[in-house]
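All values below come from the heavy atoms of this structure, side chains included, with hydrogens, waters and symmetry mates left out.
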Amino acid sequence: MTAAPSAALEPSVALQHLQKAQSDAKAGKFNSATSRLEWLIQTDTDNASRTAIYHKALRQLVTQKPLTFAATGAVLSSTNVRQSSSEDIFHTDIGDFTIGGDDDTAGLGVRIGASANWRHFYALGREVSVTAKISTSYYDDISLRSTTPTVTFSHRWLGAGARYTVSAFAADTIYPSVAGRTAPDSTAVGAMFQSLHTLSEGRSASLNVSWVERSYDERPHLDGTTLSFGAGLTVPIWDKGKVTVSGGWSAASLNADHLSYDGARIGVGYAHQAAGGLGWSVNYSKAWRDYRDIFTALSYARADDVDTLSIGLSHRDIKIRGMVPRLTCSARQQTSNVALYTYDSVDCSMSLNHAF
């Protein structure tokens with residue numbers, strides 16, 4: 001592991017952050033305190049003695065409280081909850097079929113989740129953790145409901161200006177029984193590598209690589225492996241603002257070749273945290289997927305491209321029972337040469353998170 005480019009906070013500023021972490025810990029704001037210490041390790045990289053202090057304080061806090069819990073909740077709304085096609089006709093080599101382009105349905109749902117996280121620093125900057133999580137989504141339409149329990153094992157290396165994480169997970173996605181539907185229940189196992197590096201002049205770079213193997217109870221044609229790779233660069237701009245440019249590649253090899261694909265994605269986003277407490281972001285991404293075999297009843301393979309524009313909004317002084325709500329909305333337009341998969345939707349969520 002190479003050393004990160006040096007960066008430093010003014011001693012008085014570093015002390016203020018360290019004192020704030022200590023006061024948060026005394027007030028029971030454990031996650032806030034540990035997050036601030038990790039930020040100091042990531043940001044204040046030019047002074048080895050201060051870095052050692054941050055590491056020791058972080059290890060002490062986690063030793064005092066190795067087990068933490070969190071609860072999340074969100075109200076979900078969508079103009080097209082089923083992602084129904086916006087086309088009227090599916091033209092094929094064996095005839096034309098009406099697919100009901102006017103059947104886009106708006107929907108409102110709720111997602112709730114709970115998690116428990118155990119952490120252990122066996123050495124300064126070396127951490128193992130286990131996270132157990134369950135989340136469930138509820139809609140009036142029973143076919144859209146699902147529950148997903150997940151267990152994740154992770155190892156992290158925290159160094160001055162660099163963070164590396166290796167994780168392995170197992171998850172089940174469970175749906176209620178619906179008459180006439182083959183169950184979409186599935187089991188997934190996977191692994192991921194993530195890194196974050198502090199560069200000079202407040203910039204940072206990220207990298208992630210993942211592998212997922214998924215199997216379905218009653219839809220074996222969807223069984224298979226998905227690989228993905230992504231990278232991003234964040235650069236400070238103006239006052240309190242940051243621009244992030246990202247890109248990635250993904251590939252799915254499934255039992256059904258016409259559903260296996262190679263894909264790419266690019267994105268750009270801007271995030272701003274105002275001194276008054278208002279935080280907002282806007283992001284745009286473009287994605288492409290080229291499928292590997294001809295689609296059923298057609299003489300060519302499917303190809304999709306997806307445009308997504310999203311915004312996020314929160315204010316640290318607006319709280320509900322001590323929790324800061326966050327609004328996120330995204331407008332998505334997917335265009336496909338297979339009419340079944342051309343659709344558009346606007347999806348929003350209002351979420352709350354509570355850690356204890």
> Are any of the side-chain heavy atoms of Asn208 and Ser210 separated by less than 4.5 Å?
Replying inline: no
>> Quick one about Thr342 and Ser336 (side-chain donor to acceptor, distance below 3.5 Å, no hydrogens or angles considered), yes or no?
In response: no
>> Side chains of His120 and Tyr122: any donor to acceptor distance under 3.5 Å?
In response: no
>> Counting C-beta onward and ignoring hydrogens, is there a side-chain heavy-atom pair between Ser143 and Arg82 closer than 4.5 Å?
In response: yes
> Do Thr328 and Ser349 meet the criterion of a side-chain donor-acceptor pair at a distance under 3.5 Å?
Replying inline: yes
> Is there side-chain contact between Thr225 and Trp211, with heavy atoms separated by less than 4.5 Å?
Replying inline: yes
> Any side-chain heavy atom of Leu222 sitting closer than 4.5 Å to one from Arg214?
Replying inline: no
> What about Phe193 and His155, are their ring centers closer than 6.0 Å?
Replying inline: no
> For the residue pair Ala33 and Ala21, what are the closest heavy atoms and their distance?
Replying inline: CB-O, 3.3 Å
> Judged by modelled atom types alone, do Thr198 and Gln42 share a side-chain donor-acceptor pair under 3.5 Å?
Replying inline: yes
>> I want to check a possible cation-pi pair here: Arg59 against Phe121, using under 6.0 Å from ring centre and within 45° of the ring axis as the test.
In response: no
> Between CD of Glu127 and OG1 of Thr165, what distance do you get to the nearest 0.5 Å?
Replying inline: 8.0 Å
>> Nearest 0.5 Å, please: how far is CZ in Arg163 from NE2 in His197?
In response: 10.5 Å
> For Asp140, does the CG atom have more than 12 heavy-atom neighbours from other residues, nucleotides or ligands under 6.0 Å away?
Replying inline: no
> Which atoms form the tightest heavy-atom contact between Asp262 and Ala251, and what is the distance?
Replying inline: OD1-CB, 3.5 Å
> Counting N and O atoms only, with roles assigned by atom type, does the side chain of Asn337 sit under 3.5 Å from a partner on the main chain of Ala303, one being a donor and the other an acceptor?
Replying inline: yes
> Looking only at heavy atoms, which two atoms of Phe30 and Leu61 are closest? And how far apart?
Replying inline: CE1-O, 3.2 Å
>> One pair to check against side-chain hydrogen bond (donor to acceptor under 3.5 Å, both in side chains): Asp347 and Ser78. What are the steps and the verdict?
In response: CA-CA 4 Å; Asp347 304 285; Ser78 175; 2.5 Å; yes
> Could you state the interatomic distance from CG (Leu76) to CE (Met350), rounded to the nearest 0.5 Å?
Replying inline: 11.5 Å
> For Lys65, does the NZ atom have more than 12 heavy-atom neighbours from other residues, nucleotides or ligands under 6.0 Å away?
Replying inline: yes
> Same hydrophobic cluster for Val306 and Ile266, using side-chain heavy-atom links shorter than 4.5 Å among ILVMFWY?
Replying inline: no
> Can you check whether Val75 reaches Leu108 side chain to side chain, under 4.5 Å on heavy atoms?
Replying inline: yes
> Is the closest side-chain donor-acceptor distance between Ser330 and Ser310 under 3.5 Å?
Replying inline: no
> Looking at CH2 of Trp288 and OH of Tyr261, how far apart are the two atoms once the value is rounded to the nearest 0.5 Å?
Replying inline: 15.0 Å
> Quick one: does Asp223's side chain have a donor or acceptor within less than 3.5 Å of a partner on Asn255's backbone?
Replying inline: no
>> Please identify which of these residues, Val81, Asp141, Thr79, meets the side-chain contact (heavy atoms from CB on, under 4.5 Å) condition with Thr105.
In response: Val81
> Ignoring hydrogens and geometry, is there a side-chain-to-backbone donor-acceptor pair from Thr136 to Ser146 under 3.5 Å?
Replying inline: yes
>> Whether the side chain of Arg50 engages the backbone of Ala14 through a donor-acceptor N/O pair (distance < 3.5 Å, no angle test) should be reported.
In response: no
> His354 vs Phe356 aromatic rings, parallel, tilted or perpendicular, using cut-offs 30° and 60°?
Replying inline: parallel
>> How about CD on Glu10, more than 12 heavy atoms from neighbouring residues, nucleotides or ligands closer than 6.0 Å, or not?
In response: no
>> Treating Thr182 as the side-chain partner and Glu218 as the backbone partner, does any N or O pair qualify as donor plus acceptor under 3.5 Å?
In response: no
> What heavy-atom pair brings Leu207 and Phe229 nearest, and what distance separates the two atoms?
Replying inline: CD1-CE1, 3.1 Å
> At their closest point, which heavy atom of Ile142 faces which heavy atom of Pro176, and how far apart are they?
Replying inline: O-CG, 3.3 Å
>> With no hydrogens and no angle check, just 3.5 Å: does a side-chain donor-acceptor pair link Ser228 and Ser250?
In response: no
>> For a quick check under 3.5 Å, do Arg145 and Tyr139 share a side-chain donor-acceptor pair by atom type?
In response: no
>> Looking at Gln334 and Tyr341, would you say the former's side chain and the latter's main chain have a donor-acceptor pair under 3.5 Å?
In response: yes
> Ser154 and Ser167: which non-hydrogen atoms are nearest, and at how many Å?
Replying inline: OG-OG, 2.9 Å
> Counting distance only, does the side-chain N/O of Thr45 pair as donor-acceptor with the main-chain N or O of Ile41 below 3.5 Å?
Replying inline: no
> Do the rings of Phe295 and Phe90 sit parallel, tilted or perpendicular, given the 30° and 60° boundaries?
Replying inline: perpendicular
>> If hydrophobic clusters are built by linking Ile, Leu, Val, Met, Phe, Trp and Tyr wherever their side-chain heavy atoms come under 4.5 Å apart, do Leu352 and Leu327 end up in the same one?
In response: no
> Roughly how far, to the nearest 0.5 Å, is the NZ atom of Lys133 from the OG1 atom of Thr148?
Replying inline: 9.0 Å
> Any sub-3.5 Å donor-acceptor pair from Asp44's side-chain atoms to Leu9's backbone N or O?
Replying inline: yes
> Counting distance only, does the side-chain N/O of Thr43 pair as donor-acceptor with the main-chain N or O of Leu40 below 3.5 Å?
Replying inline: no
> Does the side chain of Asn117 come under 3.5 Å of the side chain of Thr131 through a donor N or O and an acceptor N or O?
Replying inline: yes
>> Nearest 0.5 angstrom please: Asn283 CG to Thr308 OG1, how far?
In response: 10.5 Å
>> Quick check: do Leu227 and Val212 have side-chain heavy atoms less than 4.5 Å from each other?
In response: no
> Are more than 12 heavy atoms from other residues, nucleotides or ligands located less than 6.0 Å from atom CD1 of Ile112?
Replying inline: no
>> Under a 3.5 Å cutoff, is there a donor and acceptor pairing between the side chains of Arg119 and Thr68?
In response: no
> Okay, side chain of Ser260, backbone of Leu254: is any donor-acceptor separation there less than 3.5 Å?
Replying inline: yes
> Would a 4.5 Å heavy-atom cut-off, applied to side chains only, mark Glu87 and Ile99 as touching?
Replying inline: yes
> In the single-linkage hydrophobic clustering (I, L, V, M, F, W, Y; side-chain heavy atoms under 4.5 Å), do Tyr343 and Leu309 co-cluster?
Replying inline: no
> Do the non-hydrogen side-chain atoms of Leu199 and Leu233 ever get within less than 4.5 Å of each other?
Replying inline: yes
> Asp307 pairs by salt bridge (Lys or Arg N to Asp or Glu O under 4.0 Å) with which of Lys286, Arg332, Arg265?
Replying inline: Lys286
